[in-house]
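Dropping a structure here in structure tokens format, bear with me for questions.
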Amino acid sequence: MSLNTGLLVRMLKLRMLNAIAPAYFYFATVVTIVLHFFLFIPTIFQTSGLTLRPIVLLPTAIFLFLMVNALGNYSMTIWFPAESANENIIPVCSPDCPDRVDAHYLLNGRHFCKLCKKVIMKRDHHCFFTGNCIGNRNMRYFIMFSIYTSCTCLYSLVLGVAYLTVEYSISFENPLTFLTLLPLSTGYFFLGAISGLQFFLVLMLYVWLGIGLVSAGFCCQQILLVARGQTWCQLQKGQLVESRGTWRSNLSDVFGSRWAVGLILPVQTVETTPGNWQRYHEHKHD
């Protein structure tokens with residue numbers, strides 16, 4: 001009974017994370033957009049409100065390009081899930097199942113996800129920020145989402161530092177300034193020496209830095225795994241993968257034939273027809 005209770009509590013925590021993580025992403029996105037257009041741009045470039053001047057067009061265009069691609073690929077990751085349309089039967093998991101998310105590993109590289117309650121084709125991992133699994137159909141969109149999220153956060157970090165320099169005369173010439181900014185700002189805030197807005201902006205700097213570095217790490221890891229024809233799920237379980245072709249063919253299976261367009265626009269570039277990886281497994285298990 002205690003084992004079943006522990007599994008139920010663990011699944012409840014994962015389901016809560018599956019609901020909280022997307023809300024956190026939406027909140028951070030809205031805050032970033034508001035700060036950019038109503039605080040950073042007017043202060044750094046000395047403009048009033050949303051007035052467009054030539055000096056403002058370039059940074060605004062860069063921000064919009066990064067944000068549109070990040071949100072667009074985020075939506076594509078959700079709109080093109082990796083579940084199998086031909087399998088709707090939920091397998092029964094044994095009470096002593098050690099996996100927190102996976103219930104079963106099925107044939108032909110398929111997994112059953114407890115959170116999605118669906119059979120996933122070539123499952124890589126469950127993404128809590130999108131609330132679904134990353135697999136054969138949405139891996140390309142997840143990678144591009146990670147790239148543009150990282151770029152958007154790091155770009156916002158630069159603008160945030162510029163804003164603090166212009167508005168509060170904080171110099172970042174010394175690298176230690178950024179390292180000590182958060183603990184010092186925390187102390188000054190509770191002492192009433194700085195405003196809540198300034199303290200919130202300092203927090204956002206570290207949020208952007210953290211999300212940007214984590215997204216960049218995710219991106220590098222996933223590109224490496226895709227080039228090797230492997231998934232994170234296989235890597236976690238220590239499964240060795242046979243060579244399934246060159247790294248070019250593996251990347252082509254994920255990024256599609258119109259990969260160049262997908263680099264700058266959040267559009268569908270992945271064909272719905274089976275790729276080399278899926279044909280390999282179907283032939284192997286015939």
Side-chain angles (χ1 to χ4, degrees), residues 16-75 127-131 145-219:
M16 291 179 60
L17 180 61
N18 208 40
I20 294 174
Y24 170 78
F25 173 77
Y26 294 137
F27 172 77
T29 300
V30 172
V31 169
T32 301
I33 294 174
V34 171
L35 290 177
H36 180 89
F37 287 108
F38 294 96
L39 207 62
F40 294 165
I41 292 298
T43 303
I44 297 173
F45 299 98
Q46 300 299 316
T47 61
S48 58
L50 297 177
T51 303
L52 292 180
R53 293 167 49 189
I55 194 175
V56 180
L57 290 178
L58 181 58
T60 302
I62 293 175
F63 177 79
L64 288 177
F65 172 76
L66 296 176
M67 183 61 73
V68 167
N69 274 278
L71 294 177
N73 283 288
Y74 177 84
S75 301
C127 177
F128 291 99
F129 283 100
T130 60
F145 161 66
S146 299
I147 291 176
Y148 280 105
T149 298
S150 177
C151 292
T152 303
C153 288
L154 297 180
Y155 183 70
S156 300
L157 173 64
V158 172
L159 290 180
V161 168
Y163 174 83
L164 291 178
T165 302
V166 173
E167 184 69 13
Y168 299 103
S169 301
I170 300 177
S171 175
F172 289 88
E173 294 182 0
N174 189 342
L176 292 178
T177 302
F178 189 84
L179 296 178
T180 59
L181 185 61
L182 181 58
L184 290 177
S185 297
T186 303
Y188 290 150
F189 172 72
F190 285 107
L191 291 175
I194 63 174
S195 64
L197 176 61
Q198 184 176 348
F199 180 61
F200 177 74
L201 290 175
V202 172
L203 289 178
M204 288 304 300
L205 292 185
Y206 287 87
V207 169
W208 288 324
L209 177 63
I211 296 178
L213 294 179
V214 169
S215 297
F218 264 122
C219 174

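Residue numbers run from 1 in the order of the sequence given.
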Any chance you could measure Thr180, atom OG1, to Asn174, atom CG, to the nearest 0.5 Å?
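Taking OG1 in Thr180 and CG in Asn174, the distance rounds to 8.0 Å.
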Within the 4.5 Å heavy-atom criterion, are Ile170 and Gln198 side-chain neighbours or not?
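A side-chain contact under 4.5 Å exists here.
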Nearest atoms (heavy-atom pairs only) where Asn18 meets Pro22
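Scanning both residues, the minimum pair turns out to be O-CD, 3.1 Å.
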What distance do Ile147 atom CD1 and Asn69 atom CG have between them, rounded to the nearest 0.5 Å?
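Going from CD1 on Ile147 over to CG on Asn69, the span is 10.0 Å.
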Could you pull out the closest heavy-atom pair between Val202 and Ser185, with the gap in Å?
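Shortest heavy-atom separation between Val202 and Ser185 comes out as CG2-OG, 3.7 Å.
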If the condition is ring pair (Phe, Tyr, Trp, His ring centres under 6.0 Å), which residues does Tyr188 pass it with, not counting sequence neighbours?
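Partners of Tyr188 by the ring pair (Phe, Tyr, Trp, His ring centres under 6.0 Å) criterion come out as none, since no residue qualifies.
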Gap separating the CG atom of Leu57 from the CZ atom of Phe45, nearest 0.5 angstrom
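Nearest 0.5 Å value for the CG-CZ distance: 10.5 Å.
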When the ring planes of Phe129 and Tyr24 are compared, do they come out parallel, tilted or perpendicular, using 30° and 60° as the limits?
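If you compare the ring of Phe129 with that of Tyr24, the planes turn out tilted.
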Using the side-chain contact (heavy atoms from CB on, under 4.5 Å) rule, take Phe172 and Leu181 through it: C-alpha gap first, then chi angles, then the decisive distance, then the call.
CA-CA 10 Å; Phe172 289 88; Leu181 185 61; 4.0 Å; yes
Atom OG1 in Thr130, atom CZ in Phe25: separation rounded to 0.5 Å?
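Going from OG1 on Thr130 over to CZ on Phe25, the span is 9.5 Å.
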For the atom pair OG1 (Thr165) and CD (Glu173), what is the distance rounded to the nearest 0.5 Å?
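Between Thr165 OG1 and Glu173 CD, I get 9.0 Å after rounding to 0.5 Å.
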Donor-acceptor contacts, no H, no angles, side chain residues 152-164, under 3.5 Å, sequence neighbours left out:
{"residue": "Thr152", "atom": "OG1", "partner": "Leu66", "partner atom": "O", "Å": "3.4"}
{"residue": "Thr152", "atom": "OG1", "partner": "Tyr148", "partner atom": "O", "Å": "2.7"}
{"residue": "Tyr155", "atom": "OH", "partner": "Pro59", "partner atom": "O", "Å": "3.0"}
{"residue": "Ser156", "atom": "OG", "partner": "Thr152", "partner atom": "O", "Å": "2.8"}

Parallel under 30°, tilted from 30 to 60°, perpendicular over 60°: which one fits the rings of His36 and Phe63?
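If you compare the ring of His36 with that of Phe63, the planes turn out parallel.
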Indicate the atoms forming the closest heavy-atom contact of Ser195 with Phe189, along with that distance.
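Heavy atoms only, the tightest pair is O-CD1, 4.1 Å.
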What's the shortest heavy-atom distance between Thr149 and Ser215, and which atoms?
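For Thr149 and Ser215, the tightest heavy-atom pair comes out as CG2-OG, 3.6 Å.
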Return the OH to OG distance between Tyr74 and Ser146, rounded to the nearest 0.5 Å.
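Going from OH on Tyr74 over to OG on Ser146, the span is 12.0 Å.
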Can you give me every donor-acceptor pair (side chain of residues 203-212, partner residue at least two apart or in another chain, under 3.5 Å) with its distance?
{"residue": "Tyr206", "atom": "OH", "partner": "Phe178", "partner atom": "O", "Å": "2.2"}
{"residue": "Tyr206", "atom": "OH", "partner": "Leu182", "partner atom": "N", "Å": "3.2"}
{"residue": "Trp208", "atom": "NE1", "partner": "Thr32", "partner atom": "OG1", "Å": "3.0"}

